[in-house]
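Worksheet: the structure to be examined is printed underneath.
Just so you know, these numbers come straight off a predicted model, no measurement behind them. The sequence lines fix the lettering, A, B, ..., with proteins before strands; numbering per chain opens at 1.
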Amino acid sequence: METSRPVVVKRMPERLNQKQARTFLREIQPLLNTDRPQLVFDCSLIRQMDAAGVDMLLHCMAEIMKRDGELKLASVSPQAAVVLELTRTDRLFEVFETSGDAVRSFYRFLPNAMKNQPVLVPKVAVSLPIDDDPDRPGGTPMAA
Amino acid sequence: MDVRAIIVVGTDSERSLESTSSELINGVPYAFSDVLGKPVVFRVVDRLHQHDIQDVTVVTDAATDMWPTGTAVNGKWISTSQDQLWNCLEKAFTDDSQSGAELVLVLRLGAYSEMDYNELVQFHIDRDAHITAAVDGEGLLLDVYALSPSHRNDASYMLRHHLRQFRAGCEFFSFSGYVNHLSSPNHLRQLAIEGLMQRIQLGPEGEQVKPGVWVGRGAQVHRRARILSPAFIGVGSRVRAAAVITRCTALEHHTVVDCGTVVENTTTIPYTYLGAGLDVTHCVVGHSKLFSLKRGVAVEFSDPRLIGEASSHAPLRALGSLLSLASFFPAQFLRGLFAPSHRECPPSLPEAIAVPAVALESPAPTKAKAPAVDAGEFPSQLMIARRYGNE
C-alpha cells in the first residue's frame, strides 16, 4: 500500500524564549494533531534559546511520538547546538545538516523506495543446479 | 638598582582593535579575569615582586567596578578615561623618573608571560639600550619594555605612540619561555589547563585536598558530588549533589554548580551559577554567557535556570538563599494541593487492548486530503515537501 504522508519543514524563530515558544507551538499545533506527523524543524535561524524553547521541543517530540510520527532537526545553528548539548537533549533528536537531508531521511529504507532501486547482479560466478528434466517448462535439454 | 614597573590594562586600546581577536571577555579585560583563584594582573604583580621590583603601578581605563578585589595590596592603581590612558601612562613614567627610578619596566596586559625580569633588566644594561622590547620566539612583541629614564625623550615618544613606534636605540630581548597571548576564551582556558597540569609556574590558589584537586577557602562540595583530578574549586564555590567536575575544570570563586550537572574542561568566571542537570563541556562560562570552545561561538542566556549570575555582594547572596528556602516549602505545599496527580491506576490488559491508540483517534488523512492543509492556516515560511508516486 502506498503511503505518501507529507513531510512538513518548519523554520524556527530567531529567539526561543517562553513567549516565542508558545507562539511557535500554537502555530504548529495543527501539524502535531495529524496522524503520524512527519516534521522537520529548521533551526538555522536560532540565535537564542532558553529552557522554555527546549521544553517546547520536548513537548513536540512527545506529542509526535504519541501519534507514531517523527520529529527531526535540521541546519542546527551553533547557538542552538550549544543549548541542546548543554541540556542533554541533542541525543534525543535526529539532527541533519540540511532540511533536504532531513526530508530525504523519511523515505530511506521504505519498501517503496527500494522498489525502483537497480538490481545488483553479483560479479562472482554462481554455479546453478542443472534441471535434467527436458519435458518440464524451462528445463535444460540434455545433449544427445 | 631602583627598578619600577608600570602595568597598562586598556579596555579598548588601538592595539587590541588592530588584532582580529579582542582582549576583553564580556567587556572586562582578560588581565582582570581570575585564573585558578587569582586575577592575571595580580599574578604579574606577584612575579614582579619576586624579582625585587616592589614599586608597581597599574594604569587602567577600566571602570572601578570591573577591578578585581584586592587592588589595595597589589600595587598602586590609577584609574583614567579611555582617551587619557596613554597620557596617564606617560605621566606615571615621568613621576617614576623624577622620583629617582633608574629603570622602568612598562608592561601592557595583554599577554601573560613567565619572563625573568632580572634577565631583561640585565640585557638592557649590558646593551646600554635606550629602550628594550621583549619579543617571543617568532619575533612578535610581548608588550614588555625596559625604559631608561635617562633617555626620557625616546621613552615618551614610544609611550605617545602607544608602544608601537620606537626611535633609534631600541634593542630586542628574545624570550623563549611560556607566553599566553590571552586574546580569546581559548587562551584563558589554556592558561588554566597549563596551571592545573603544573606545566607553568602559575599554580592554583587553594589547598590541595587530594592529588590534583585544589579547593579554595570556604568552598563546599557535597559528599555525593564527584571531583576528578585535575580540578580547581575556587573560594566560596558550591558543588551540589551528584555534580561531576572533571578534566581540568576550574571553578573560579563563588561558582555554584547545581545538582547533577557535569562540568568538563571548563573555566567559570566568578559568581557563575550553573543550573541543574546540565552538560557544561569545553567552554568558558560566566556573566550569563557561554563561550563554546568546540564551536567557537558565544551564546547568551536570558534564562537564569540554565546559566545565571550570582550577586557579588555577600548579603544579597545570603538574602537570595534565604528567600529561596522560605519559598520552597509553600511552593511544595501548593503544588501538592493543586497539581494534578500523575499516578494512574494501571489498566488491566484486556481493557488496555480495547482502548484505541491516540494515533487512531483522529482519522488518517487520505492521499487526496494530504495537501488539503489550508494555506491560510500556516504562515508563509512553512514549506511542505511531499513524496509523489514512487519518486
Side-chain angles (χ1 to χ4, degrees), chain A residues 2-13 15 17-18 27-28 30-31 33-38 40 42 45-54 63 65-69 77-91 99-100 102-104 106-107 110 112-113 115-116, chain B residues 260-264 266 274-283 285 288-307 357-374 377-391:
Chain A
E2 176 63 27
T3 57
S4 52
R5 289 178 290 123
V7 177
V8 178
V9 181
K10 187 83 175 84
R11 191 167 287 157
M12 301 189 84
R15 286 167 64 96
N17 52 21
Q18 192 149 20
E27 281 177 16
I28 60 163
L31 298 172
N33 292 338
T34 58
D35 176 42
R36 296 177 66 194
Q38 299 189 131
V40 175
D42 185 319
L45 291 182
I46 295 177
R47 293 290 169 270
Q48 201 178 30
M49 180 156 72
D50 62 12
V54 176
E63 286 297 311
M65 289 188 77
K66 263 192 228 169
R67 294 174 183 277
D68 196 20
S77 65
Q79 288 87 350
V82 165
V83 178
L84 292 175
E85 275 176 20
L86 183 78
T87 52
R88 300 174 185 169
T89 41
D90 56 330
R91 56 199 79 168
S99 303
V103 171
R104 275 190 288 278
F106 280 100
Y107 302 117
L110 283 179
N112 284 333
K115 207 189 287 179
N116 291 342
Chain B
T261 290
V262 177
V263 191
E264 178 188 336
T266 290
L274 303 176
L278 302 178
D279 254 4
V280 186
T281 57
H282 311 288
C283 61
V285 61
S288 304
K289 243 183 185 179
L290 185 147
F291 300 87
S292 172
L293 306 179
K294 216 165 51 175
R295 299 182 185 275
V297 69
V299 183
E300 200 165 343
F301 288 85
S302 54
D303 189 348
R305 284 177 297 172
L306 295 178
I307 289 169
V358 182
L360 299 175
E361 283 174 6
S362 58
T366 61
K367 249 180 147 180
K369 282 181 184 174
V373 180
D374 185 11
E377 199 175 340
F378 301 111
S380 57
Q381 64 197 40
L382 187 70
M383 186 172 80
I384 295 182
R386 188 169 183 273
R387 190 160 63 112
Y388 291 98
N390 286 332
E391 289 188 319

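- Side-chain contact check for Gln79(A) versus Val297(B): some heavy-atom pair is nearer than 4.5 Å.
- Atom CE in Met49(A) sits 11.5 Å away from atom OG in Ser302(B) (nearest 0.5 Å).
- Looking at Leu290(B), only its side chain comes within 4.5 Å of chain A, counting heavy atoms on both sides.
- With a 4.5 angstrom heavy-atom cutoff, Leu306(B) touches chain A only via side-chain atoms.
- The backbone N or O of Ala51(A) sits less than 3.5 Å from a side-chain atom of Asp303(B), completing a donor-acceptor pair.
- Closest non-hydrogen pair, Glu85(A) versus Asp279(B), comes out as O-CB, 3.5 Å.
- The shortest distance between side-chain heavy atoms of Leu278(B) and Leu86(A) falls below 4.5 Å.
- Within 6.0 Å of the CD atom in Glu264(B), the count of heavy atoms belonging to other residues, nucleotides or ligands exceeds 12.
- Side-chain contact between Val82(A) and Arg295(B) is present, with at least one heavy-atom pair separated by less than 4.5 Å.
- Salt bridge annotation for Glu300(B)-Arg47(A): absent, with no cationic side-chain nitrogen under 4.0 angstrom from a carboxylate oxygen.
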